[in-house]
Structure formats: C-alpha cells, structure tokens
Amino acid sequence: MTSEQQTGEPWTILARLVRPQGRHGEILADVLTDFPERFADRRRLFLVFSEINHAPLREVALETHWLHKGRIVLKFAGIDSINDAEALRGLFVAIPAAERAKLSDDAVYIGDLIGCDVIDLNAAATIGVVTDVDKQASLLAVESRNGDEVLIPFARALLVRMDLTSKCIEMRLPQGLLEINAPLTDEERRAQGAPE
C-alpha cells in the first residue's frame, strides 16, 4: 500500500463487516454497493475504520465470497477462525475510488453527490449541501443554510449542470418547491393546534 493511498486517495466503501459467519473465518457483511457482482473481479480489498475515516487499516486478499439473504459472506486470506473474523467486526471494506465500476455517462455515484452545494439558478441562491440521497425516491436530502433539511427531486428535468470535482450541482427548481417541506411557522403550528 502506497503512502498516497494511505493519505490522499479517495476511497469507495463496498461493505460493512457485521459478524462471523461460519467456523473458518468467513464474515457476513452488509452490501453498500450497487455492484455486488463485482466482488468476483476483486482480489485486493482494504479494511477501513468507518465511512468517514477512510484511513486504511490493512489490505486483505479476498479468497471467496457469496451472496446470503440480501448480504454477502466474505472470506479473506489469513482470516481462518471465528476469533479472527470477530476482530474485524464493524470495519468497512473499501477500494480506491479509481478502481470502482465504470458508469454510463448519465449515471453518478451517490457518494460523489454527498457534500455538493446545490444552487437554484432560478433564485440565484445556494440552497445548501447534499447530506444524503434517497435512491428509491430519487431525492437529494439537502441541509439548508439555516440547518433545515430540504428534499429536492434529483431529476434530469431540473438539473442544469453537475461538477462533481468542484462539488457543485446547478438546478432550476420550480417556484414553491422548497416551501413544500419547509418547517411550519409559529402561526401555522398555532392554526393546527400543535405545541410551539
């Protein structure tokens, strides 16, 4: 592992190790990638402490894997007992971002959207920063400047430009969209009989 990988290279998280699965060092993991079939192409993986702290703890060689009830079971070289597997519980499996699967031109990785500023060109204003993405509903969860969460449809019709390198998403939002899920004002709470 090079020092560049240890310090500066972006990482992509593939799985979270949950618990031992079997007697020979197998580990059950939550799949955190849309491409679990790509484990078949991977032999070199890295274990990291968290989704935020990507400092690699160690490099591991993948011997085998299989899908199991919506999760994946991983067997790493040198991890040969329940105790060995238990010591890895809670760690994340990662690869250098440069090694992740190639996407079609109109697709993006969700992790690349996190941390992007969302700018509404119609209002000429920065709405906030993407903190999460709801894949099922295609919604960006954006933390606004005042700390409220705003849900914005991640739709091609609204998207003007994305620059993932500079972490910027420019959109043209319909008038009133941001008010749909805005917090209630004191007056609205009183009208609904809710405590203030």
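Listed here is the closest heavy atom pair of Asp84 and Gly78: OD2-O, 3.8 Å. Nearest approach of Ala85 to Gly25, heavy atoms of both residues: CB-O, 3.8 Å. When all heavy atoms are compared, the tightest approach of Pro36 to Leu67 is CB-CD2, 4.2 Å. Of all the heavy atoms in Arg16 and Leu32, the pair that sits closest is N-CD1, 3.9 Å. Between Arg42 and Glu99, the shortest heavy-atom contact is NH2-O, 3.1 Å. Glu63 approaches Arg43 most closely through the heavy-atom pair O-NH1, 4.5 Å.
Surrounding CZ of Arg145 are at most 12 heavy atoms belonging to other residues, nucleotides or ligands under 6.0 Å away.
Rounding to the nearest 0.5 Å gives a distance of 9.0 Å between NE2 of His65 and CD of Glu37. For the atom pair Ile79 CD1 and Glu86 CD, the distance stands at 12.0 Å (nearest 0.5 Å). Atom CG in Asp112 sits 7.0 Å away from atom OG1 in Thr12 (nearest 0.5 Å). Rounded to the nearest 0.5 angstrom, Ile152 CD1 and Met171 CE are separated by 6.5 Å. If you take CD1 on Ile82 and CD on Gln21, they are separated by 10.5 Å, rounding to the nearest 0.5 Å. Rounded to the nearest 0.5 angstrom, Leu88 CG and Leu74 CG are separated by 10.5 Å.
Distance alone, capped at 3.5 Å, places no donor-acceptor pair between the Thr64 side chain and the Lys75 backbone. A donor-acceptor pair is defined here as one N or O able to donate and one able to accept, closer than 3.5 Å; no such pair exists between the side chain of Asp148 and the backbone of Ser144.
Val108 and Val160 fall into different hydrophobic clusters, where Ile, Leu, Val, Met, Phe, Trp and Tyr residues are linked whenever their side-chain heavy atoms come under 4.5 Å apart, directly or through other members. By the rule that hydrophobic residues join a cluster once side-chain heavy atoms approach within less than 4.5 Å of another member, Val73 and Phe35 end up as members of separate clusters. Using a 4.5 Å cut-off between side-chain heavy atoms of Ile, Leu, Val, Met, Phe, Trp and Tyr, with links allowed through other members, Ile27 and Ile95 fall into the same hydrophobic cluster. No path of Ile, Leu, Val, Met, Phe, Trp and Tyr side chains, each step under 4.5 Å between heavy atoms, connects Leu28 with Leu14, placing them in separate hydrophobic clusters. Residues Leu17 and Leu62 share a hydrophobic cluster, clusters being chains of Ile/Leu/Val/Met/Phe/Trp/Tyr side chains in contact below 4.5 Å.
Looking only at side-chain heavy atoms (C-beta outward), Leu47 and Val93 come within less than 4.5 Å of each other. Contact check for Leu91 versus Phe49: side-chain heavy atoms found under the 4.5 Å cut-off. A heavy-atom distance below 4.5 Å is found between the side chains of Pro96 and Arg44. Counting heavy atoms from C-beta outward, Ile72 and Trp66 have side chains that stay 4.5 Å or more apart.
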Show me the donor-acceptor pairs, under 3.5 Å and distance only, between side chains in residues 114-121 and residues at least two apart or in other chains.
{"unit_1": "Asp120", "atom_1": "OD1", "unit_2": "Asn122", "atom_2": "N", "d": "3.0"}
{"unit_1": "Asp120", "atom_1": "OD1", "unit_2": "Leu173", "atom_2": "N", "d": "3.2"}

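Screening Val130, Leu113, Leu139 against Phe154 for a side chain to side chain contact (heavy atoms under 4.5 Å, CB included) leaves a single residue, Leu113.
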